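Per chain, numbering begins at 1; letters A, B, ... match sequence-line order. Here the structure is a predicted model, which means the values were calculated and not measured.
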Amino acid sequence: MTDPTQIADIKIPPIRNGTVIDHIANGQALNVLKILGVNESNIDSTISIGMHVPTHKGTAKWKDVVKLEDRELDPDSVDKIALIAPDATIAIIRDFYVAEKYQVQLGDRVVGLVRCSNPNCITNKGEPVTPEFYVEGRNPPRLRCVYCDRMLSKISDNLL
Amino acid sequence: MDFYDKDLVSIRDLDREKIEYILDLSKKMVPYARGEKVKRALDGKILGNLFFEPSTRTKLSFESAAHRLGCDVIDVSEMSMTSISKGENLADTIRMVDAYCDAIVLRHPYEGAARLAADVSENPVINAGDGAGSHPTQTLLDLFTMREAKGSLDGLNVVLVGDLKYGRTVHSLAEALTMFGVRLTLVAPESLQMPQDIVDRLRNKGCNPKKTTVLEDAIPQADVLYVTRIQKERFPDPAEYQKIAGTYRIDNSILRSAKSDMIVMHPLPRVNEIATEVDSTPHARYFQQAFNGVPVRMAILCSIMGGKIDD
């Protein structure tokens, strides 16, 4: 029987230089593009997206994959990806080879990456304060606001 | 115990040992709070009392606590009287008040305001209630009231009844009670039950609260019945409010099945959730609870602002 992950490789062509973000939670690829700030006017290289791709990793049956040509990620973007896709791996590709590969990782606190979902939180009232959260769970990520003490709901809707 | 110059923003800033220290000191404060003894332990100090939301008991009891200790008070009780009405942000207001006093007491309508104030203030900040968030000094006076009435907090059967969803006092109270191995029963209509993330937190601390919608079932085992106000504005349908408010009304008839030494507490103000006929029964402890705000806040001010009281 053909390995489904090989089929995925055929559907999403390899890149010469750039970044492969793999094992993105199923359905989160478009949010990853949002984090990367990809829009019609700022694309100057190829981006390949695989959604609902078969996978064997862990208990998941499906994953998303994003391949960015000629681009490497800044640390803030990697941290934000960890918030919506805690199992994601980042591979830096140079001349078709994997030069570096690591898994995204959440620290103990998340600072300045998401806003609090509580509209009555002081961080949403025009004060000079950076939203900050304690990480109470990593997979799935669960964040508690340092200021109002509420759990953050719908992380992907509140990315800054 | 190291409280000096420390903020008090959430009850979670305190462990059991620190809570017991404050409760022990509160007991020593009672004769001073009644004016039977006099000690100007905070003579020469200034407390900034900032109340950006209506308050009767908390504001007055902080003022009374400060005056009993010889501490001067400067205060703001209306946003319209401050530069906030000119567009000044809270952070700048706090920095300014910080320069005029030795500690700040803050009541504010937005959750997290006290944590922000503590971040920007050099002097300690005491949270006197921030929106639907924390109200740690209320929790401490509730614990003091229970301990004074029952002798100990350990293993008590505490029933929380009313608005357990939005009521800020019950969340931090429930959390604090888990430190004392208390058995909790949560009595509320489904729509006003305690939020799941708070219940999960209680469970993580070894307390598995029992939930029910029927008040009568919970009363016979209760050592403490803690009643909160169900707010009319939470119900789109006034008829639904009337029905629920009536179901959770405490009167002498419902108290017939209670233990003789069971106490009824309420953070006040009450509207009609406790009948006035209960006031004259030995169960009623809510006015004592309101008085206890003074010795407990004296203990907090003394600990944080560096006052000393003789035994």
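Ring centers of Tyr110(B) and Phe52(B): at least 6.0 Å apart, outside the cut-off.
The side-chain heavy atoms of Ile94(B) and Leu50(B), taken from C-beta on, include a pair separated by under 4.5 Å. By the 4.5 Å heavy-atom criterion applied to side chains, Thr228(B) and Tyr226(B) are counted as neighbours. Contact check for Met179(B) versus Ile19(B): side-chain heavy atoms found under the 4.5 Å cut-off. At a threshold of 4.5 Å between non-hydrogen side-chain atoms, the residues Thr19(A) and Ile90(A) count as touching.
At least one donor-acceptor pair under 3.5 Å links the side chain of Ser55(B) to the backbone N or O of Lys59(B).
For a residue to count as touching a neighbouring chain, one of its non-hydrogen atoms must lie under 4.5 Å from one of that chain's; by this rule Asp92(B) does not touch chain A.
Against chain B, the residues from residues 113-142 of chain A that qualify, each with a non-hydrogen atom under 4.5 angstrom away, are Asn118(A), Asn120(A), Cys121(A), Ile122(A), Lys125(A), Glu127(A), Pro128(A), Val129(A) in number order. At a heavy-atom cut-off of under 4.5 Å, chain B is reached by no residue from residues 98-109 of chain A.
Across all non-hydrogen atoms, the minimal contact from Ala176(B) to Leu143(B) is CB-CD1, 4.0 Å.
For Arg107(B) and Phe51(B), the positive end is not near the middle of the six-membered ring at less than 6.0 Å and at most 45° from its axis.
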Inset, instruction - Check step by step if side-chain hydrogen bond (donor to acceptor under 3.5 Å, both in side chains) holds for Asn208(B) and Arg203(B). - result: CA-CA 5 Å; Asn208(B) 196 9; Arg203(B) 288 198 176 120; 2.8 Å; yes

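Counted within 6.0 Å of CD on Glu17(B), heavy atoms from surrounding residues, nucleotides or ligands total 12 or fewer; the atom is thus considered open.
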